[in-house]
Amino acid sequence: MTSLDPSRLQLPDKPALEGLEAKWTERWEASGVYRFDRNRPRADVYSIDTPPPTVSGSLHVGHVFSYTHTDAVARFQRMRGKAVFYPMGWDDNGLPTERRVQNYYGVRCDPSLAYDPTFAVPDKPGKQPVSISRPNFIELCNRLTAEDEKAFEHLWKYLGLSVDWSMTYATISKRAQRVSQLAMLRLLHRGLAYQLEAPTLWDVDFRTAVAQAELEDREMPGAYHRIRFGAGGARSIEIETTRPELIPACVALVAHPDDARYQPLFGTEVTTPLFRVPVQIRAHPLADPEKGSGIAMICTFGDVTDVTWWRELNLHVRAILQPDGRLAPVRFGQPGWESDDPTRAQELYAQLEGKNVNKAREQIVQLLRDSGDLVGDPRPITHAVKFYEKGDRPLEIVTSRQWFIKAIEFREALLARGRELDWHPPYMQSRYENWANGLNGDWCISRQRFFGVPFPLWYPLDATGRVDYARPISAEEARLPVDPSTDVPPGYRADQRGVAGGFVGDPDVMDTWATSSLTPQIACGWADDPDLFARTFPMDLRPQAHDIIRTWLFDTVLRSHLEHDSLPWAHAAISGWVLDPDRKKMSKSKGNVVTPLALLEEHGSDGVRYWAASGRPGTDTAFDPAQMRVGRRLAIKLLNASKFALGAAEPQGAIVASVDRAMLRNLVALVGEATEAFEAYDYARALQRTETFFWRFCDDYLELVKGRRYGDQGPEGAASANSALTAALSVLLRLLAPFLPFVSEEVWSWWQEGSIHQAAWPVPTELESLMADNSAAVCQVDQAAYECAIEVLFEVRKQRSEAKQPLKVPITRVIVKADALHVEQMRIVEADLKSALRVQVFDVSVGDPREIVVQGYQAVAS
RNA sequence: GGGCGGUUAGCUCAGUUGGUAGAGCACCGGCUUUACACGCCGGCUGUCACAGGUUCGAGUCCUGUACCGCCCACCA
């Protein structure tokens, strides 16, 4: 590993970084250095659950940042002898892709249409979107994502990710669909998935259900309206609400059981304003006596608290919101809509029907004002409102039929899984705990969208043509994946679709996380490659960002727990975000101003990787081109220092000089530190330590041995220096290879066989064995001599700099006074120092205090 | 409201069992030195957020406070 074969040594005259990315990506691909060896047993495999980036546009700086972290770990493990299973995935399944395809081609999906094999996209997207069938729409999604994925792959290769590109998967691929559908059917058959008609969080623009994990709060202006119930009756009650438009949906009033003001009223009825609908006054501990008037109206449904009250108080439903967010038609006087004055109620409601919530709110406020039921003016406030994270309007709660995966009843088991997982950094586990503890419902996985994995289910139609949801027809496992909108269920004919006595397909697709939560199963071949699965699952590492612990990480743990009764991986490495210079999360728009590829071209991939790898696990890191320039400088330094170290690398021989041995022993300590850091997933620490060592190696050690290695102390001294130099270079190159894969490979190729990325990670013994005597006494003397040399080097440089003397002017005399031990050591290093510092005479004597004085400079004839 | 991080030089950040505050960048000065001017050498820079406590000794441990960021919950 460290030996030098002069016959294969090839040093460039002027080494440079330019072109290394293109040169080495091509060679690595040709030689297959990163190919996964699937013959190795599980114990020799290191498998990585790569995050599949969303394919809907372009990658940004944040991707470059976190994927570099994973790649450094992958390279470390590979060098340690593991067969690294490092696939890439594309997340091309989901709403962002759908939206992009709609805009890009000017189409919209209409699932009721039949597939048109002759469909051709318009040259330019027209003003009116063209309606196309679901299969046609999916074809377009596939077409556009394929283009994006090509660009992504190019960027990843240019960055130097050591991915095995033959193992790439896409979340919309047949394989992923098969895994998703198979896992869904298994859960269904085990009673762990169920469908339910229930109030569900609903986005009125996308017209789909969304899951708890996809919510975010946004501050919105609103207003408290004080409204009188029961006006004209025996008593009236005032409530406060921000959503007066839901008064028609009111099913009860509620106050705290201990609230003396309302205790006498519990169980009695009042009528709603305007519509004169009688509602009961009920007690529930969730009602807060401090808020408003201490009594609230319960509507079906204004928010999730309404759902809780509705469920726990066994109230009935008066739903007025339609899936499109408009107020539905209602017949007052009919069962469930009793009113003291149905005709008047209907007249008033007619002014709201068909309006969206904002319009309806304006209107009802006017009506309440007119009727005198609005007490005072609305009081404007700002409050947090729940949104779908990709949506533009507040979420509503709409009753609909959805599929759920059981999660709540496994809370304790999932918490235990979280503790079993090895978190890097460890404190990230608390986010998982928070989330698991705060779960308030099972996981709604059905979405009323198109570009996703369909449910592999159909439903029978009874003799009257009604859908029998209670008896879903499962697809046969062997036929997966299926599309129930075009495929026919077992036992039926195609012409029975949609007719009485026939069948209909389940129209929904799965939540994108329902597929993403199966990335280990998809990547490892759970459904179609049991041999691969056995060698790679449970996986070793899940790298990901902290913002999706509650979604991707949690859901993956849940799926693996349910399906395999195990963790999906042993380690979770959580990366931070890239922050703007103004400390905000780097937005996509800003990130796209400087495209990742332009960054890589400007600073070199190694330079950018250096910046990325400096970001510690879990820590947000500032976007900092200055650090990329530092990384580039490091790479250039490595080229030049290597050229020097190898430039006159003969003769080689026994390592006899103290400074050589001390340097190598310090390097042994570095190997230990870097290895330990990497084992703890602290790549940043490994890099930082190695880098610090390397610069000292260049600035001090190389300068110190330069003259000796050119032969000014004879062949034995030169041989010692040369052997130490090549040994150190070999180790340093390998320590830096995970971070700077291009430059380290380039230098390696000057003098070594094979790829550095398949070379063995350095170990202490390879250096220790080069030294004849490693006894404590020898080590101590060597180390002291080395430190003495560095001290003199530093002090004389300083004095020369202060004297503003050019280096070419030799120093006549340096007086060194020190204790007896240091005087002894000076003798050992004097010759090296003389040539490094151009000192003619060292006048060394025992003296106190210790001092180093440069006494004179010799004028040289110009 | 609950939780998790953070606060160290102008900037970005190290600081691993408590022992004289560090690096890089930036800035200033010097230097063509046969690995490197895409370079080299040197210099300047600090109430370690604040207040208490433990200790011979605290950037480091404990308690509290402030501010920044994030996660979760509540949002009539």
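Protein chains get the first letters and strands the later ones, always in sequence-line order, with residue 1 at the start of each. No hydrogens, no waters, no symmetry mates; every other heavy atom, side chains included, goes into these values.
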message: Could you check whether A:Y388 and A:W202 have their ring centres less than 6.0 Å apart?
response: no
Under 4.0 Å between any heavy atoms, over every strand shown, what does [X] touch: base, sugar-phosphate, or nothing? Just pick one.
X	answer
A:D217	base
A:Q805	nothing
A:S642	nothing
A:A287	base
A:L286	base
A:D306	nothing
A:K291	base
A:R629	nothing
A:I239	nothing
A:K798	sugar-phosphate

message: Using atom C1' in both nucleotides, what's the gap between B:U17 and B:U60 to the nearest angstrom?
response: 11 Å
- request: Mark yes or no: A:R431 above the aromatic ring of A:W423, with NZ or CZ under 6.0 Å from the six-membered ring centre and no more than 45 degrees from the axis.
  value: no
message: Are more than 12 heavy atoms, taken from residues, nucleotides or ligands other than A:E676, located less than 6.0 Å from that residue's CD atom?
response: no
task: Measure up the A:H546 and A:W577 rings against each other and bin them: parallel (under 30°), tilted (30 to 60°), perpendicular (over 60°).
output: tilted
message: Angle between ring planes, A:F644 versus A:Y710, binned at 30° and 60°: parallel, tilted or perpendicular?
response: perpendicular
Please report, rounded to the nearest Å, how far the [atom2] atom of [N] is from the [atom1] atom of [X].
X	N	atom1	atom2	answer
A:D624	B:U12	CG	C1'	6 Å
A:K706	B:U34	NZ	P	8 Å
A:E802	B:C41	CD	P	16 Å
A:Q688	B:G15	CD	P	7 Å
A:I636	B:C38	CD1	P	9 Å
A:L793	B:C40	CG	C1'	12 Å
A:R800	B:G42	CZ	C1'	12 Å
A:I811	B:G42	CD1	P	13 Å

Closest approach to the side chain of [X], judged atom by atom: which nucleotide of [options] is it?
X	options	answer
A:W695	B:C74, B:C40, B:U12	B:C40
A:K808	B:A35, B:C75, B:U32	B:U32
A:N434	B:U32, B:C71, B:A35	B:C71
A:R797	B:G24, B:G42, B:A35	B:G42

Give a yes/no on whether any side-chain N or O of [X] is located under 4.0 angstrom from OP1 or OP2 of [N].
X	N	value
A:S430	B:C71	no
A:R633	B:C25	yes
A:K14	B:C38	no
A:R616	B:U12	no

message: Checking A:Y701 now: which residues fulfil ring pair (Phe, Tyr, Trp, His ring centres under 6.0 Å) with it, not counting sequence neighbours?
response: A:F697
- request: Step by step, work out the side-chain contact (heavy atoms from CB on, under 4.5 Å) result for A:L833 and A:L793.
  value: CA-CA 7 Å; A:L833 281 169; A:L793 192 64; 4.3 Å; yes
ring-ring contact (aromatic ring centres under 6.0 Å, His included) evaluation trace for A:Y432 with A:F554: CA-CA 7 Å; A:Y432 176 96; A:F554 182 84; 5.6 Å; yes
query: Does the base of B:G29 carry an N or O that pairs as donor and acceptor with the side chain of A:S801 under 3.5 Å?
result: yes
field: Watson-Crick or G-U stems involving RNA chain B, each at least 3 pairs long, distances under 3.5 Å, ordered by first number
entry: B:1-7 with B:66-72, B:10-13 with B:22-25, B:27-31 with B:39-43, B:49-53 with B:61-65
